[in-house]
Participant: 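Have a look at the structure that comes next, please.
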Amino acid sequence: MNPGNLLFILSDQHTRDITGCYGHPVVRTPNIDSLARRGTRFSSAYTNCPICVPARASLATGRYVHQTGNWDNAFAYDGSVPSWGYRLREQGFHVASIGKLHFRATEDDNGFSQEIDPLHVVDGVGDILSCIRGNPPFRDKRSAILSAGPGDSTYLQYDVSNADRACAWLAEHRDDEKPWVLFLSFVCPHPPYIAPPELFESYPPESLPLPAQWHSDDWPDHPAIRRFRRFFHYDRGFSESELRNVTAAYYGACTHLDRQIGRVLNALDIHKLAGMTRILYTSDHGESLGARGLFGKFTMYEEAASVPLILAGPDVPQGRAAQTPVSLVDCFPTVLECAGATREGTRLPGRSLWQIARNADENRTVFSEYHAVGSRNAAYMLRDRTWKYIYYVDEPPQLFNLDSDPTETTDLSGFPDHQSTLASFERRLRDILDPEATDARAKADQLAKIASFGGEAAVRNRGAFDNSPVPGEAPAFRVH
């Protein structure tokens, strides 16, 4: 592969299947779809942790959460583990970021040549309340669902600004002689569930599909999933009209995001950069949007753990849907290879997506883990071409055949003829880590973080905030 520029576009909480190119029948994402038509779309791409801060730390470092210790939204990336940006910069490449990073602070060396209008964790601390794993204060997110609808938000405005800044940056760097990397990180369609009025109205509620197992009669009865519903006050359920309303708002935010992406892709054409610039589009995790009685991320179900992932540009196979499972840790070698940088012998779990896109499909296994808000114990996921295995510390596992059951409505873990598959996956998991020891280490680090903040009473008194504020916006704390 010849070295070239990379426009790395990251969104926040964009469910893989809520895009036209992944087969959604209603949502309009024409600019993302165009990338897929002229590039390679990965059908089985996953986050390495279905919550923002740990996922972004894995993406930056190419390492799993248990390798870096970025357990939850109070353990933000601080530059102590070299990122792909750092590797690029030390080899003389210009690497810039625009938009949401969700790292600890700009004062840290995060590896960028410049950070433009970054969104970092609140006060350099983040959501420290999530470190309370035993008897945590529940969080009422029900009102966020009931208040969904048309309007404006700082998140919608921030993404317009991010696109503006990206277009200006491309104009400024259109004549650079050495390849550059621009990391453009949008915050939509992350809640609040608010869409521009014309986009909200363009999705008539009666035309919108309902998610898997949305009705309380069909909810999975796994204790970890029940706990999430109680924790966020979703356990009373929502009516069909309430679900369709929030769905329209989410779809509208997805289309708003797609429009901003389209503006930036148009700038590539205007400045004659398209022929020398590759594009990577993905998201940090998905969104449940009412499936299983849940909203947000947090789980290993497809709607929360899978992400869209698309490559386009020179040397990328066109119109291909790659079936090899991939994950966000694969972005580290992908970025370096695109620019022509070396890895300097660094041993990481990821592989270059450019190579995977050009090779025949294979039965690879990818890994994800969760140690954060709403969970009592750790959860781990292994996913290969056919199977998804989820291991919960001290609770029953789950096993799904995604070929025959893509909506994950039939847990096969209790079937006698699948016990050998369960045992095989558990052995593979234990080849990666000790699940119980890792769970204990995460909880010990979280207790230490609480102590460093002044103890549990101080953490509880600080409260929580619904969404990380954009630059210049004050966080709205609530004590639960």
Participant: Kindly write out the residues that satisfy ring pair (Phe, Tyr, Trp, His ring centres under 6.0 Å) with H102, not counting sequence neighbours, or none if the list is empty.
Facilitator: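 With sequence neighbours excluded, H102 shows a ring pair (Phe, Tyr, Trp, His ring centres under 6.0 Å) to no residue whatsoever.
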Participant: What's the separation between atom OG1 in T40 and atom CG in L353, rounded to the nearest 0.5 Å?
Facilitator: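 Between atom OG1 of T40 and atom CG of L353 there are 10.0 Å.
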Participant: May I ask you to test the D72-V373 pair for a side-chain heavy-atom distance under 4.5 Å?
Facilitator: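 No, their side chains stay 4.5 Å or more apart.
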Participant: Given L289 and I18, is the side-chain contact (heavy atoms from CB on, under 4.5 Å) satisfied, shown in steps?
Facilitator: CA-CA 10 Å; L289 203 64; I18 302 184; 3.8 Å; yes
Participant: How many angstroms lie between atom OG of S327 and atom CZ of F42, to the nearest 0.5 angstrom?
Facilitator: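 One gets 11.5 Å once the value is rounded to the nearest 0.5 Å.
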Participant: Spell out, as yes or no, whether a donor-acceptor pair under 3.5 Å connects the side chain of T438 to the backbone of D434.
Facilitator: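 Indeed, once roles are kept as given, a pair shorter than 3.5 Å links the two residues.
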Participant: How long is the gap from CG on N401 to CG on L412, to the nearest 0.5 Å?
Facilitator: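 The CG atom of L412 is 6.5 Å from CG of N401, to the nearest 0.5 Å.
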Participant: Heavy atoms only: give me the nearest P50-A304 pair and the separation to one decimal.
Facilitator: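 So the two residues come closest at CB-O, 4.1 Å.
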Participant: Heavy-atom distance under 4.5 Å between the side chains of R383 and T365, does that happen here?
Facilitator: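 A side-chain contact under 4.5 Å is absent here.
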Participant: Closest approach of P406 and S404, non-hydrogen atoms and distance?
Facilitator: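 Nearest pair, atom of P406 first, then S404: CD-C, 3.6 Å.
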Participant: Quick one: do R56 and D284 make a salt bridge, cutoff under 4.0 Å?
Facilitator: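 Answer for the salt bridge query: yes.
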Participant: Closer than 4.0 angstrom, basic N to acidic O: yes or no for E436 and R441?
Facilitator: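 Salt bridge absent between E436 and R441.
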Participant: Taking the basic N atoms (NZ, or NE/NH1/NH2) and the acidic carboxylate oxygens, is any pair closer than 4.0 Å for D384 and R364?
Facilitator: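 No, no charged N to carboxylate O under 4.0 Å.
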Participant: Are any of the side-chain nitrogens in K388 or E408 under 4.0 Å away from the carboxylate oxygens of its partner?
Facilitator: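 Result for this pair is yes, salt bridge flagged.
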Participant: Report the C-alpha distance between D466 and K141 in whole Å, list the side-chain angles of each, state the deciding distance to 0.1 Å, and finish with yes or no for salt bridge (Lys or Arg N to Asp or Glu O under 4.0 Å).
Facilitator: CA-CA 8 Å; D466 284 335; K141 296 283 190 177; 3.5 Å; yes
Participant: Given the ring of F186, does K100 sit roughly above its face, with NZ or CZ under 6.0 Å from the centre of the six-membered ring and within 45° of the axis?
Facilitator: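 Not satisfied by the 6.0 Å and 45° rule.
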Participant: Is the W84 ring parallel, tilted or perpendicular to the F183 ring (thresholds 30°, 60°)?
Facilitator: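 Aromatic pair W84/F183 classed perpendicular.
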Participant: Hey, could you give me the CD1/CZ distance between I356 and R351, rounded to the nearest 0.5 Å?
Facilitator: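 Rounded to the nearest 0.5 Å, the CD1-CZ separation comes out at 4.5 Å.
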Participant: Write down the atom of L243, the atom of F295, and the distance for their closest heavy-atom approach.
Facilitator: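 Nearest pair, atom of L243 first, then F295: CD2-CZ, 3.4 Å.
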Participant: Is the closest side-chain donor-acceptor distance between R385 and Q323 under 3.5 Å?
Facilitator: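 No, no side-chain donor-acceptor pair sits under 3.5 Å.
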Participant: Please determine whether a side-chain nitrogen of the Lys or Arg among R38 and D33 lies less than 4.0 Å from a carboxylate oxygen of the Asp or Glu.
Facilitator: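 Judged by the 4.0 Å cut-off on N to carboxylate O distance, R38 and D33 do not form a salt bridge.
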Participant: One thing to verify: whether R358 and E337 come together as a salt bridge, which I'm taking to mean a side-chain N less than 4.0 angstrom from a carboxylate O.
Facilitator: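 A salt bridge links E337 with R358.
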Participant: Can any side-chain N or O of S424 pair as donor or acceptor with the backbone N or O of T421 at less than 3.5 Å?
Facilitator: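 Judged by distance alone, no pair lies under 3.5 Å.
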Participant: Do side-chain atoms of D159 reach the backbone of L257 as a donor and acceptor pair under 3.5 angstrom?
Facilitator: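 Flag not set: sc D159 to bb L257 has no pair under 3.5 Å.
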Participant: Between CG of L10 and OG of S97, what distance do you get to the nearest 0.5 Å?
Facilitator: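 L10 CG to S97 OG: 11.5 Å, rounded to 0.5 Å.
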Participant: Taking L156's backbone N and O only, do any of them form a donor-acceptor pair with S153's side chain (distance below 3.5 Å, no angle check)?
Facilitator: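 Such a contact is found between S153 side chain and L156 backbone.
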Participant: Would you give the length of the straight line joining atom OG1 of T47 to atom NE2 of H285, rounded to the nearest 0.5 angstrom?
Facilitator: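 These two atoms lie 7.0 Å from each other.
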Participant: Any side-chain heavy atom of C131 within less than 4.5 Å of one from L447?
Facilitator: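 A side-chain contact under 4.5 Å is absent here.
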Participant: Show your reasoning for whether side-chain contact (heavy atoms from CB on, under 4.5 Å) applies to D78 and F103.
Facilitator: CA-CA 6 Å; D78 61 5; F103 296 165; over 6 Å; no
Participant: Please say whether more than 12 non-hydrogen atoms of neighbouring residues, nucleotides or ligands are located less than 6.0 Å from CZ in F453.
Facilitator: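 Atom CZ in F453 is crowded, with more than 12 foreign heavy atoms closer than 6.0 Å.
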Participant: Mind running side-chain contact (heavy atoms from CB on, under 4.5 Å) on R41 and I32 for me, showing each step along the way?
Facilitator: CA-CA 10 Å; R41 169 177 58 86; I32 295 173; over 6 Å; no
Participant: Would you kindly say whether Y391 and E369 are connected by a side-chain donor-acceptor distance under 3.5 Å?
Facilitator: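 Their side chains do not contain a donor-acceptor pair, so the 3.5 Å distance test is not met.
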Participant: List in chain and number order the residues that pass ring pair (Phe, Tyr, Trp, His ring centres under 6.0 Å) with H371, two or more places apart in sequence or in another chain; answer none if no residue qualifies.
Facilitator: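 W71, Y380.
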Participant: Side chain to side chain contact (heavy atoms under 4.5 Å, CB included) with S306: which residues, sequence neighbours excluded?
Facilitator: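 R16, Y46, E302.
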Participant: Go through the structure and list residues passing ring pair (Phe, Tyr, Trp, His ring centres under 6.0 Å) with Y389, not counting sequence neighbours.
Facilitator: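 Counting only residues at least two positions away or on another chain, Y389 forms a ring pair (Phe, Tyr, Trp, His ring centres under 6.0 Å) with F425.
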Participant: Would you call V121 and V53 a side-chain contact if the rule is heavy atoms closer than 4.5 Å?
Facilitator: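 SC-SC contact between V121 and V53 confirmed.
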Participant: Answer yes if the side chains of D403 and T386 hold a donor-acceptor pair under 3.5 Å, and no otherwise.
Facilitator: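 Yes, T386 and D403 have a side-chain donor paired with an acceptor closer than 3.5 Å.
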Participant: Specify whether H418 and W387 have parallel, tilted or perpendicular ring planes, treating 30° as the upper limit for parallel and 60° as the lower limit for perpendicular.
Facilitator: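 Aromatic pair H418/W387 classed perpendicular.
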Participant: Would the number of heavy atoms belonging to other residues, nucleotides or ligands and lying under 6.0 Å from CZ of R376 be above 12?
Facilitator: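 Counting neighbours around CZ of R376, 12 or fewer heavy atoms of other residues, nucleotides or ligands fall under 6.0 Å, so no.
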Participant: With a 4.0 Å cut-off, would you call R226 and D221 a salt bridge?
Facilitator: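 Salt bridge present between R226 and D221.
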Participant: Quick one: list whatever passes ring pair (Phe, Tyr, Trp, His ring centres under 6.0 Å) with Y281, sequence neighbours left out.
Facilitator: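 Applying ring pair (Phe, Tyr, Trp, His ring centres under 6.0 Å) to Y281 gives none.
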Participant: Measuring only between side-chain heavy atoms, which start at C-beta, is H14 closer than 4.5 Å to E287?
Facilitator: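 Contact flag for H14/E287 side chains = no.
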Participant: Show the nearest heavy-atom pair for residues A55 and L328, with the distance to one decimal.
Facilitator: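 Closest pair (atom of A55, atom of L328, distance): O-CD1, 4.3 Å.
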Participant: Who passes side chain to side chain contact (heavy atoms under 4.5 Å, CB included) against T68, sequence neighbours left out?
Facilitator: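 Partners of T68 under the side chain to side chain contact (heavy atoms under 4.5 Å, CB included) test: T61, R63, N70.
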Participant: Closer than 4.0 angstrom, basic N to acidic O: yes or no for R292 and D218?
Facilitator: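 Judged by the 4.0 Å cut-off on N to carboxylate O distance, R292 and D218 do not form a salt bridge.
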Participant: Is K443 paired with D439 through a side-chain N to carboxylate O contact shorter than 4.0 Å?
Facilitator: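 Result for this pair is yes, salt bridge flagged.
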Participant: Hey, does L59 have a side-chain heavy atom less than 4.5 Å from the side chain of V329?
Facilitator: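 Result no, sub-4.5 Å side-chain heavy-atom pair not found.
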Participant: Do S375 and F228 make a side-chain contact, defined as non-hydrogen atoms from C-beta onward lying under 4.5 Å apart?
Facilitator: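 Of all side-chain heavy-atom pairs linking F228 with S375, at least one is under 4.5 Å.
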Participant: Would you say that P192 contacts Y155 through its side chain, given a criterion of any heavy-atom pair below 4.5 Å between the two side chains?
Facilitator: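 They are in contact (side-chain heavy atoms under 4.5 Å apart), so the answer is yes.
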Participant: With a cut-off of under 6.0 Å to the ring centre and 45° to the axis, is R142 in cation-pi contact with F232?
Facilitator: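 Output no; distance or angle outside limits.
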Participant: Looking only at non-hydrogen atoms, find the nearest pair between L294 and S288 and report the distance.
Facilitator: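 Heavy atoms of L294 and S288 come nearest at O-CB, 3.4 Å.
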Participant: Let me see the working for R278 and D315 under salt bridge (Lys or Arg N to Asp or Glu O under 4.0 Å), right down to the final yes or no.
Facilitator: CA-CA 9 Å; R278 300 184 187 96; D315 305 317; 2.7 Å; yes
Participant: Show the numbers, then the answer: is there a side-chain contact (heavy atoms from CB on, under 4.5 Å) between F332 and S352?
Facilitator: CA-CA 8 Å; F332 191 109; S352 170; over 6 Å; no
